[in-house]
Number of protein chains: 2
Amino acid sequence: MRISDKYRYLGIKLTPQRLAILSYLDGNRSHPSAEDIYRSVRKEFPTMSVSTVYNTLDVLKEKGDVQELTIDPRKKRYGPVNTPHNHLMCNKCRHIVDINKEFKFTLPSSMTEGFELTGNHVEFFGFCSNCRKKQ
Amino acid sequence: MRISDKYRYLGIKLTPQRLAILSYLDGNRSHPSAEDIYRSVRKEFPTMSVSTVYNTLDVLKEKGDVQELTIDPRKKRYGPVNTPHNHLMCNKCRHIVDINKEFKFTLPSSMTEGFELTGNHVEFFGFCSNCRKKQ
DNA sequence: TGATTGACAAGAATTATTCCTGGTTGATAA
DNA sequence: TTATCAACCAGGAATAATTCTTGTCAATCA
């Protein structure tokens, strides 16, 4: 099902704002924050407000079309679905390295409590070469 | 190296407050927030302030003795190192299920950019049985 | 003893996010 | 076509978590 059909089916409008955010995220590997998205989409829609960005991201996330990433403990970051988002973060300086590798695990259904799994995210942590020196 | 020796070696004081937080987290599987830790440790140290909790957690984290967890996008949560913290979260209602399974894998050193790895965290996401009904 | 430094408490300031309100739009049905 | 209704959105206020700042204290060391 195409996404526009899906939204029509759900009785939800795929408004220009929503499309703009979706297309900004499509293929985007930079894990932007809401603020980043706001700044970019605002060029096209100067009247758009931050709350609309948050609202929209929530809607798209609920529909499974956008991923909320939890790499950065300070703020939420977002990305398209269907791209692996695995990261390695330094405990000290928060430097983040992308791990371009996909991990496929399955969980025994006894553990999933009826969830429909849509993806996973593996976060490695440790100390980067700079911070290793004095720990 | 014992932790007290390590801290002496680093020229850092393992103060009563720091010890209290360390021991509160030791073996703790409830992924408490800074607030939770504050409320608990305050019983023993009534004068302790929230900023001390945050400072202390930062120090302990930098030293690799405490893990900052990113399960909950609303606030930071903390846990002892060396315990697996894997989760399954609903994209819609944010319901979180603990996955009591340990995933052990390594990364090829070509990907780690000189990091010293100390752990990992696997987060599964999807839709819980309630939210599956209307997506 | 005096100076230096790390640690701490308290509260102010900041920042990301959510909430609220009122107006607008677009689809639907009379 | 027009009325109705719900979804949508902008703007800004409110909230909650976290960080920053400042003054004080205690331990360490010259």
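So that the names make sense, note that chain A is the first sequence line, chain B the second, and so on, each numbered from 1. The structure presented is a predicted model; accordingly, all values stated were derived computationally and were not measured.
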[X] side chain: which of [options] is closest?
X	options	result
I12(A)	dC9(D), dC8(D), dC8(C)	dC8(D)
Y54(B)	dT17(C), dA10(D), dT18(D)	dT18(D)
M48(A)	dC8(D), dA10(D), dT18(D)	dA10(D)
A34(A)	dC9(D), dA9(C), dT17(C)	dT17(C)

For [N], take OP1 and OP2 only and decide whether either is under 4.0 Å from a side-chain N or O of [X].
X	N	answer
Q17(A)	dC9(D)	yes
T47(A)	dC9(D)	no
R74(B)	dA16(C)	no
T15(A)	dT25(C)	no
K76(B)	dA16(C)	no

In whole angstroms, how far is the [atom2] atom of [N] from the [atom1] atom of [X]?
X	N	atom1	atom2	result
L69(B)	dA17(D)	CG	P	17 Å
R42(A)	dA10(D)	CZ	P	12 Å
F45(A)	dT24(C)	CZ	C1'	16 Å
R39(A)	dA16(C)	CZ	P	10 Å
E62(B)	dG6(C)	CD	P	14 Å
L60(B)	dG6(C)	CG	P	17 Å
N55(B)	dT5(C)	CG	C1'	16 Å
K75(A)	dT18(C)	NZ	P	14 Å

field: Contact nearer the 5' end of DNA chain C, comparing L14(B) with P46(B)
entry: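 Final value for this comparison: L14(B).
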field: Student check: side-chain heavy atoms of Q67(A) and L25(A) closer than 4.5 Å
entry: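 Heavy-atom side-chain distance check fails, nothing below 4.5 Å.
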pair D72(B)-H31(B): side-chain heavy atoms closer than 4.5 Å: no
message: Distance criterion of 3.5 Å, no angle test: do you see the side chain of S51(A) paired donor-to-acceptor with the base of dG11(D)?
response: yes
query: Any chance the side chains of T52(A) and S49(A) put a donor and an acceptor closer than 3.5 Å?
result: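 There is such a pair between these side chains.
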Qualifying residue, where the test is side-chain contact (heavy atoms from CB on, under 4.5 Å) with F115(A) and the options are C131(B), S129(B), C90(B): C90(B)
- request: Tell me which of Y78(B) and K13(B) sits closer to the 5' end of DNA chain D, going by the nucleotide each one is nearest to.
  value: Y78(B)
message: Please report whether the ring centroid of F124(A) lies less than 6.0 Å from that of F105(B).
response: yes
